Structure formats: structure tokens, C-alpha cells
Amino acid sequence: MTDDLINAKLYDRIYAVVRQIPAGAVATYGQVAAIVGPGCTARQVGYAMSALKPSEDGVPWQRVINAKGEISPREGYGPEVQRAMLEHEGVTFDESGHVDFAQVGWEGPPWQWLEENQFYPAPLLSNRKKKNSDGEQLSLF
DNA sequence: CAGATGACTCCCA
DNA sequence: CTGGGAGCCATCT
């Protein structure tokens with residue numbers, strides 16, 4: 001598994017990162033994309049989740065939510081299922097359906113895991129398109 | 001090979 | 001707060 005990741009396809013690398021999210025925590029699509037590294041954007045992560053097949057068991061897709069702290073709408077079955085799964089893991093939602101990142105936000109995988117699997121987390125590329133490029137750094141330590 | 005398509009995200013009005 | 005528009009890029013027609 002470990003060595004395969006080095007040459008793995010983008011989606012597989014995405015799934016590998018998502019698998020690192022512990023129960024009771026959540027991560028955003030953009031955060032996962034940043035960890036996977038260059039060539040991966042939040043959109044790819046979302047698409048990867050959409051393309052997730054039953055055969056890829058063990059990918060806690062429910063722990064990946066959008067940057068607003070809400071569960072993203074989807075074409076398939078409603079977000080109630082995802083929310084229920086998260087609540088079962090101890091994630092709480094406020095009245096408007098938002099989670100508190102300060103409380104359940106994922107810190108990211110240990111640096112050692114990143115090195116072993118050769119992930120090179122990039123700064124959040126969010127601001128690359130327009131104005132400033134101060135590229136706020138993801139706190140992985 | 002040329003579009004079309006997203007479980008996204010940011011910025012601005 | 002809400003909504004629209006542009007950028008994004010691996011995959012799929």
C-alpha cells in the first residue's frame with residue numbers, strides 16, 4: 001500500500017489521505033487537496049468522492065465536508081445520511097448545520113506519515129487566482 | 001482529440 | 001446573510 005501510493009493515481013492518493021482522518025474529526029475538500037499536493041484541487045477531491053466505488057471500502061468520505069463547514073449537496077442520496085454518520089462519531093452541528101472546525105477540525109496527518117508516503121503538502125493555493133499570493137500555510141505540525 | 005462535467009472555493013456585489 | 005461568476009483539472013463522453 002505504502003509504496004503503491006508513490007506511483008498511485010491521483011484519486012488513490014486522495015483516498016489514502018482521507019483514510020487518515022480519524023473518527024470524530026472532519027476535513028475540508030481544500031484541505032485534503034493541499035495535503036495531496038500539486039495537481040490536486042478541491043474540485044478533484046470532490047470528484048474523487050463522487051467517483052468513490054463500493055469496492056474502495058474504508059474511505060471515510062463522510063468526514064470530508066466543504067469549506068463552509070457544511071455537508072455538500074450531492075446528486076445521490078441526501079446529506080442526512082452523512083450527517084447522521086458524523087453525529088454517530090461524535091461530530092456536532094449547530095442550528096444552521098455547521099460544524100465547529102475549532103472543535104472537530106482535522107490537524108492533518110503526522111509528518112512521518114507524509115514522508116513515508118511521499119506526500120508534499122503545498123501551501124493552500126486558494127489565493128493563486130486573483131489578488132495577493134500570501135498563500136496562507138496549512139498547519140500540519 | 002475536443003468538449004462537458006463536477007460531493008469545490010474564493011471574491012465581489 | 002445570499003447569490004453569481006470565474007478558475008480549477010482529472011475523467012468521461
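Note that the structure is a prediction, hence the values are computed from the model and not measured. The basis for the numbers below is simple: all heavy atoms, side chains too, and nothing from hydrogens, waters or symmetry mates. Numbers restart at 1 for each chain; the letters A, B, ... are given by sequence-line order, proteins then strands.
- To the nearest angstrom, C1' of B:dA7 lies 14 Å from CE of A:Met85.
- Nucleotide B:dC8 holds its P atom 8 Å from the NZ atom of A:Lys68, rounded to whole Å.
- Here A:Pro73 lies in heavy-atom contact (under 4.0 Å) with sugar-phosphate atoms only.
- Each of C:dT11, B:dA7, B:dT9 was ranked by its minimum atom distance to the side chain of A:Gln82; first place goes to B:dA7.
- Projected onto DNA chain C by closest heavy-atom contact, A:Tyr47 and A:His98 fall at different nucleotides, the more 5' of which corresponds to A:His98.
- The aromatic rings of A:Tyr47 and A:Tyr11 stand perpendicular to each other, their planes meeting at an angle above 60°, with 30° marking the opposite boundary.
- Between the P atom of B:dC8 and the CZ atom of A:Arg74 lies a distance of 9 Å, rounded to the nearest Å.
- A:Arg13 has its CZ atom 13 Å from the P atom of C:dT11, to the nearest Å.
- With rounding to the nearest 0.5 angstrom, the CD1 atom of A:Ile21 is 11.5 Å from the CZ atom of A:Arg19.
- Between the CE atom of A:Met49 and the P atom of C:dC9 there is a distance of 18 Å, rounded to whole Å.
- Checking side-chain atoms of A:Asp100 against main-chain N and O of A:Ala102 turns up a donor-acceptor pair under 3.5 Å.
- In the set C:dT11, B:dA7, B:dC10, the nucleotide with an atom closest to the side chain of A:Ala67 is B:dC10.
- Spacing between atom OH of A:Tyr11 and atom P of C:dC9 amounts to 13 Å, rounded to whole angstrom units.
- Inspection of the A:Arg83 and A:Gln62 side chains reveals no N or O donor paired with an N or O acceptor under 3.5 Å.
- At B:dC8, none of the side-chain N or O atoms of A:Thr41 fall inside 4.0 Å of OP1 or OP2 (strictly under the cut-off).
- Residue side chain A:Tyr29 reaches the base of B:dA7 through a donor-acceptor N/O pair under 3.5 Å, judged by distance alone.
- Between the side chains of A:Glu87 and A:Thr92, no donor-acceptor pair of N or O atoms lies under 3.5 Å.
- Atom CZ of A:Arg43 and atom C1' of B:dC8 are 6 Å apart (whole Å).
- The nearest whole Å value for the distance from the OH atom in A:Tyr15 to the P atom in B:dA7 is 13 Å.
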